[in-house]
Amino acid sequence: MSLIVVLLLTLLTTSLAAFATRWLGLWTQRAVETVHLSGITIALVITGAIIGRVLQHETLFAVGRWLFVDALGAIFLGLVVVVGFLAGVYSVGYIRYDLIKGEITPTVLSTYYGFFSLFMFAMCCAVLSNNLVMMWVSIEATTLSSVFLVGIYGRRTSLEAAWKYIVICTVGVALGLYGTVLVFANANAVMARPGDAILWTEVMGHAKSLDPATISMAFVFVLVGFGTKVGLFPMHTWLPDAHSEAPSPASALLSAALLNCALLVIIRHAAIVSQTVGPEFPRRLLMIFGALSVGVATLFIAVERDVKRLLAYSSVENMGLITLGFGLGGPIGVAAALLHAINHSLAKTMLFCGSGNIVVKYGTRDLRVVKGMLRLAPLSGVMLLVGFLAMGGIPPFNVFVSEFLTVTAGVKAGYAWLMVVCLIFLTIVLASFVRVISGSILGPAPAGVARGDPSALTLAPLAVLLGLMLLIGLHVPGPVVQLISDATATVLATPAAMAASKGP
Amino acid sequence: MTQTDIIALLAAAVILPFLAAPVSFVVPRFLASIVCAASSALSFAAIFAASVGYTMDGKQAFSRDLVSVHGIAIFGFTVDRISVLIGFAAGLVGLLVCLYSVGYMALGNREHPEVGKPRYFFFMQVFVSAMAGLVFSSTISGQLFFYEATGVCSWGLIAYYDSPKAIAAGTKALIVEHIGSLGLYFAAAMFFVSAGGFSLSALGGMGPGAKTAIILGILFAAWGKSAQFPLHIWLPDAMEAPTPVSAYLHAGSMVNIGVFMYARALLAAGNVPHVVGAIGAIAATFTLVYAFFLYLPQLDLKKLLVYSTITQLASIFLALSLSTFGSILAFDGGVAHIFNHAFAKSLFFLVAGCLSFTTGTRMMPKLHGLLAEMPLVAIGFGTAALAIAGVPPMNLFFSHFAMLAGGFQASRAYWPLLILVGISILEAVGTFGWFLIKFGDAVPGPASPAVAGATALPVTMAVAVAALVTLTLASGAFAAAWMG
Amino acid sequence: MPVLALLETSVALYTIGGAGSLLLWRSDAAATLFAGVTSIVAAILGTAASAQVLIDGTGPSFAAAGPIPFASFLLRFDPLAALLVLVISLVTLAASLYSLSYLREYAGKGIGVMGLCFNLFVASMVMVAVADNGFYFLLFWELMTLTSYFLVIFDQDNKAVAAGFLYFFITQSFSMLLMTAFLLLFIHTGSLDFSSFRAANLPPWLGSVIFLLTFFGFGAKAGMVPLHIWLPRAHPAAPSHASALMSGVMVKLGIYGIIRFAIEILGASAVWWAWTVVAFGAVSAVLGVLYALGETDIKRLLAYSSVENVGIILMGVGVGMAGIATGSPVLAAIGLLAAFYHTLNHAVFKGLLFLGAGALTFATSTRDMARMGGLARRMSWTASFFLIGALSIAAIPPLAGFVSEWLTYQAFFATGMGPDFTSRLFGPLAAVMLGLTGALAVMCFVKAWGLMFGGAARSEAAASAAEVPVTMLVGMGGLAVLCMALGLGAPVVAPVLSRAVAALRKSGAVEVADGTVIFPGDVHQAVLSTPLVAVVMVCLVAVPVAIAAMHRGRRLAPRIVPEAWACGYDHDARMTVSASGFVEPPDVMFRGLYRLRAMQGPVGDTLDGSVIVSTEAAGIVEPLWNRMAMWVATRGVPFIGQQLQVMEGGNLRVYCLYILAALAVMLICVVG
Amino acid sequence: MNGTNLVNSLAGLLILTSLLVIETRRPSRAALLYAVQSSVLVTIFVVLAYLTHSTQLYLWAASSFVTKVVLVPVILFGALRKFDTMVPLPSLMRVAVVVALAAVLVMGCSLIVAPLKLPAAAEFRPALTVSLAHFFLGITCIVTQRNIIKQIFGYCLMENGSHLTLALLANQAPELVEIGISTDAIFAVVIFTVLVRRIQHKLHSLDSDQLMTLKG
């Protein structure tokens, strides 16, 4: 059985098992945690094996080529699973506090973990899918499986967020379906076997013979549709609500994994469109959406006072930056975007988890209330402080590297002025983060809040993430570089990459 | 000594303090300061050994790439006369300031009586490391990396006292410097696009358009770091930092990064389009006059020193800019001035620190008659004030003369430049007068009550001050000889 | 020992003396002794070296690379430099001797440091004189100013500090003119060596620019009106042995610079330069002496007198320049000879007078002449020496001052017979000014001597004053002897100086002396035999005495000396002639000129006012940028952000519309 | 009337039924009307299958019948019947306006469809246009109706529209794809209804304008 299938089955099984624990009564908590942790650990190991295979310049296929992993997919798969693993570990520490505070019951706990794994399953499907329509199906599935994560607390606001999330995303993603169908229909007309016309790898091979008008229209639908899920302006409106209302680890998963999955779908389509219509058209659209997202999100960040909403807008901003990177194109642009996707995921997971510690500590997300974190919870404080700086693009952390590469790509592409504007926005972002640091992390601590850090389980993932961020910031590891350069070749559809992606 | 040895030593100088920095959090508090002083001493020793090796090898300039991705050099070291000179100064001032901090961050401090927190020493050591990295960096990407790193250290150290004012000042410093760094981002990107790599040595082979854009980007970044108008606004507020920090970051090394990067770029570029020089020179002249003007209302000694730093750096910018009109002397003088100014201004800040340590105030109207009560501090004050006033045998005289001579040289090509040089001479006269007045106010005569009630100075602080006095007296001819 | 070695040893000794003095700072006596003795030895060596060069008429030079890449370390010990070194050494010798006892007054105030500053001051002056490279010249020039600045503020009171500031600031500002001039030459010649300056072929306008820059740059140091205002404040503030050097020697380095540049390097190529120099000299002479006349503080008086004498020297220099410019060697020779001679003389007698003033202060603890009086009886040696100095400065034959002023007159007379109209106009005019100066100088020193030494004591301190210690007397005595020697020995001295002049003009020496007479270049003009004058002077005194002696037996019995008749009142100390009373006539006559000095006040007020205004303006401007930046950061960006927040009003249906809108726009773009 | 015309007319009927779904006040009746509409859709599938001789489309028709005509209406009916008694919320637009809007949508969609070169659907261009318009009509329902139940129906209408498109353009796609999409739809409807019930429980209201606490 293919590794891919094993991975998916593991996650699915974990999910079902977690749901099943609700009937275990007093044992629920322990059982569900065990199931959850072992499930995500196994998933991590399998993913490691898959990526190892991909590093051997191998493209894995499964289920009659409906599922596959190339370098591009491997990056996003890695992100989903690594983020899922770390957020999963963090969840264990975090949700216990919710249990203690009585925010949730043990039954809800098993629901949470069940949906957690299901969500990961859906995301893995999305990134592994070679089938254009199945991509859509999986993305839709991610929405459905994460709605309850958003609404898990059952509060008025979390229900509201969940409702907005599901309505906006289904509307948006439904538009994406039109794009997908148009591509399929067009490919079907060109290609001999309808079974092949639905496979991305095959369509890529025949992209040059597709109809430009149809494909460009399809891309518009895809971009708006999946762009909703990516959180591009102006379709991003669900994002701050959902991210802020979900439990922190779920927010991390939404922000660091889910958005990327949808982005991958867009990129895969963009690769086709580039072949058919020429690279200018998709690049321009991506750039417009990317730049707008960066600009608008930045201004929102500047005024936001809720830490998780702030982070959510930061996600919009970063997804915009990644999109912009793809839009700028060229080997550097694509590599920068891919690297930034990785960096953003790590940093954002870390920050969302860190914000979870804030919530644990202060019981609120309001930055006007949160003060003196460094004094109250030194380790969390330091890590959040560093995380914010890193997210703001300060070396020696990773975000700096990819932001810099993006700027380089922009200058190279002849959009120096746009890069200057972007840099100014990035400065505003940094300023806002520093404002958060100086307002909430530094300074005197308020009276009446107990001192001490939350449990080690909530700190360890942060430390690991910080280490990874530092590692990438100081020196991007060889395997990552290789994956990125292979993936770049895939996105740009260089002949070698085309040959490599041909299935068995 | 082989080139590899030199590179190894420099790498040690960068890495050692960085590795030692987290130790501050682990060891007991009283040890943290010792660790800091020791690691900065090791770092300086490495730089010193490398400098000696470089000199023994007959000052053979060379570069070596250390980190490459896909064959593109991301980071490396350049060892040449300017990097060794400035690296030496930064290392030495770093060592002295760390030594000084051992005494300063103590309960005996009358302005801020507290034992230094680990993060002070942490940031200090990271800064020592970053500074060495930046000065010796052979690539623009390395410069950018360390540029931002020093910005963060500056932020952490300015905000050190955690008062709302200090935090705001730190934030401001970080943001304004970051705005400056945008120029460097841009320049680095342009650089990559034009040269396909980051090694600064490639600058020389570029077309005039790319050169202009890149150097102007670097110049903008340099303005941010070196606190030039209009990006100067962070520096006066940064005086919320502990005084050794002001001495080190805001006088001795960090603010010099800006001018140093500019110098490095000009050196690498060889033939620089005149528009760069013109922009640099005019902006520098404006800053010069503006900051001089702001001497007048200052009562806080550190604030005065800040504006003096801004003018000194502006005059270096002016000299470096003028050097693009064909004056090597202006360039050499400018770089030597960076070196000399590091010692003189650090000395002045440390003296200010001694004053606030012993008397609890930095307000000049309260400080008279130092000579009567604390001769060493008075001598330090006098040496520093007269050095900044540009009087021989203090070091700044030598480099200032060379800069002006270079300015005149440059004006041979374009006489309007003479106006700028003239303005800078007038400013020099004004600065001279102002610092002479301050010297006359503070040093001689009967001691004011604040000075009369001063406490004793710790040994480490005294040693640092004495060493800097010596350096301020001696470094002028050395720098000039080295550059020539 | 070769000349250069002598000079080097001398400078080294000064430096060692200074350093040793500093190291001995714990013991005042040891520091005094060490600094004094080393500088005495050094001064002797310096004298020997410079005398030899002057006698030879040529001197060595020295070249080394030095540490500074853009400036090589060049020394040139030519006769002009030697003259200055001689002046420096002579006065230093006297002052150092004098200091051995004088410094007791400063016990406990840091004599070690003073020794350092004093010795380095002397050393830097020597180096200025011999430096032959622009950079090193400036370096030593500034060092000289710096060390003397420390001497000026040595008392550490507000007045001294203020005086020091004024001094340092003015000289430093004007030394920037020097630097500018050097750098202009530098860009023209590519080198800072004086030798290349000499060789430079400057366009006339540039020459004139450099002349003006150097003239004012050096003029400030020389104390030329109107750049003299620091001088009467700074010189009196310093300890007297240092004042002697500053006033007697340091101002000469200003003159030296003018001669070096205007004549030697620039070749005095335009006549108007010469008349500029003469004009400034004349004004300085007249105003200097007038202001001196109005002073009651002895050291201030002496300082103003220095302004006057600098003026006289400048007049000589000017004539010399005119001679060179118009191509008349004799004129050049006399003018410069006069200037050189007066340089030497003024150093000697001004040194003497300052030392004398120091002695008086030492004895009475005051510098106010109105609080002295009757000291001739108590301090007869000091009185005699001061008298010699005063007579000398008042140009009374046969003392030193007379000779040089006589030469200056001769120079003007020669000018008056010059070929062109300007010479004939300015020569006599300047001579008249000089005459006026001389007359006023006599009055001034009659006043000074009379007030201090004559009459009755006008204060407790004066009444109980005692003669000063012997080393001080030796110092003064030496200079007094020199005053006489330079007067009587003029026929010997003048030819030596004339060789220095010749070296400067790069021509053969004009013969100026023969036997006991000196004649300014041309025997037909005038002849002066100072020994003869001395004989006449001695006779003038001796003959009446002899006659009286012959008629001794027929003398009336001595009258009873009652109290002086004071219109029926008791005689009172207040009734003696006061300083201001004495000078009332000139005060009235020259009211306008005195008002000129009063105008310095308003100028200073304006300056202060503008500083205050600037300070206030800067106080307003400083936070301005801050506020603007903060406005953008704390108001501007958030304002836009808040406006944007309206977009996310929370209405789900509106959000869906956004998606549709985005789609619609894109579709229109694609389809359309 | 040939088969092609039949398909196109039936597609028009879809629009008509969807307008009914939008404007009906009682949720239970809307669920029934939705079942009616779905059966029209199934009919179209059958006709299409007949016309294109596509066995897969017969399967689609069958599965659609199960999910859209039976399952979804049942779920909706069961879950939402208890809200029948609630006071209806005013719509943003009057019926006439919605009808006019539907017409505009059809015209707009024809503009979108016009440039497409799709040989598979060349003869069903009107049906394609209608399917797209139907989709947008669903969105219109979501946008114009304050009642969140109506928003569920809006989703269902979108679903039907896109399903028709799928059948027209992608009827050769593997069966599994269709199943995936249908499954998603059913799960979506289930989740929607669960959420609606929880919201009603928490807020005692079905007014989407009440859901405006989270903003910018």
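The basis for the numbers below is simple: all heavy atoms, side chains too, and nothing from hydrogens, waters or symmetry mates. By convention in this document, chain letters (A, B, ...) are assigned in the order of the sequence lines, proteins followed by strands, and residues within each chain are numbered from 1.
If you measure heavy-atom distances from B/Leu371 to chain C, the contacts under 4.5 Å come from the side chain alone. For chain C, the nearby parts of B/Phe293 are the backbone and the side chain; heavy atoms of each come within less than 4.5 Å. Within the 4.5 angstrom heavy-atom criterion, no atom of B/Tyr295 approaches chain C. For B/Pro393, the parts lying near chain C are the backbone and the side chain together; criterion is any non-hydrogen pair under 4.5 Å. Heavy-atom distances place the side chain of B/Leu386, and not its backbone, under 4.5 Å from chain C. Neither the backbone nor the side chain of B/Phe478 has a heavy atom closer than 4.5 Å to any heavy atom of chain C. Of the atoms belonging to B/Ser327, not a single heavy atom falls under 4.5 Å from chain C. Both the backbone and the side chain of B/Ile437 come within contact range of chain C, judged by heavy atoms closer than 4.5 Å. Only the side chain of C/Phe150 comes within contact range of chain B, with at least one heavy atom under 4.5 Å from a heavy atom of that chain.
Across C/Val621, C/Ile68, C/Thr615, the residue that shares the most heavy-atom pairs under 4.5 angstrom with chain B is C/Thr615. In terms of non-hydrogen atom pairs under 4.5 Å with chain B, the most contact-rich of C/Met176, C/Met179, C/Gln172 is C/Gln172. For chain B, the option among C/Leu138, C/Thr145, C/Val611, C/Leu139 with the highest count of heavy-atom pairs below 4.5 Å is C/Leu139.
Using a 4.5 Å heavy-atom cutoff, the side chains of B/Asp332 and C/Pro69 are not in contact. When side chains are defined from C-beta on, C/Leu185 does not count as touching B/Phe408, because their heavy atoms never get closer than 4.5 Å. The closest side-chain heavy-atom distance from C/Val161 to B/Phe439 is not below 4.5 Å.
Distance check, rounded to the nearest 0.5 Å: OG1 of C/Thr180 to CG of B/Leu404 gives 8.0 Å. Interatomic distance, C/Ser173 OG to B/Ile425 CD1, rounded to the nearest 0.5 Å: 12.0 Å. The distance from the OG atom of B/Ser411 to the CG atom of C/Leu184 is 7.5 Å, given to the nearest 0.5 Å.
The two residues B/Ala402 and C/Phe70 have their closest heavy-atom pair at CB-CE2, 3.4 Å.
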Decide side-chain contact (heavy atoms from CB on, under 4.5 Å) for B/Val391 and C/Tyr149; before the verdict, give the C-alpha distance in whole Å, the side-chain angles of both, and the deciding distance to 0.1 Å.
CA-CA 12 Å; B/Val391 176; C/Tyr149 165 73; over 6 Å; no
May I have the step-by-step check of ring pair (Phe, Tyr, Trp, His ring centres under 6.0 Å) for C/Phe135 and B/Phe397, ending in yes or no?
CA-CA 11 Å; C/Phe135 175 76; B/Phe397 168 80; 5.7 Å; yes
Could you walk me through whether B/Trp434 and C/Phe169 pass side-chain contact (heavy atoms from CB on, under 4.5 Å), step by step?
CA-CA 9 Å; B/Trp434 199 253; C/Phe169 186 65; over 6 Å; no
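Between the side chain of C/Gln156 and the backbone N or O of B/Gly445, at least one donor-acceptor pair lies under 3.5 Å.
Between C/Phe168 and B/Phe432, the ring planes lie perpendicular to each other; the angle is over 60°, past the 30° to 60° tilted range.
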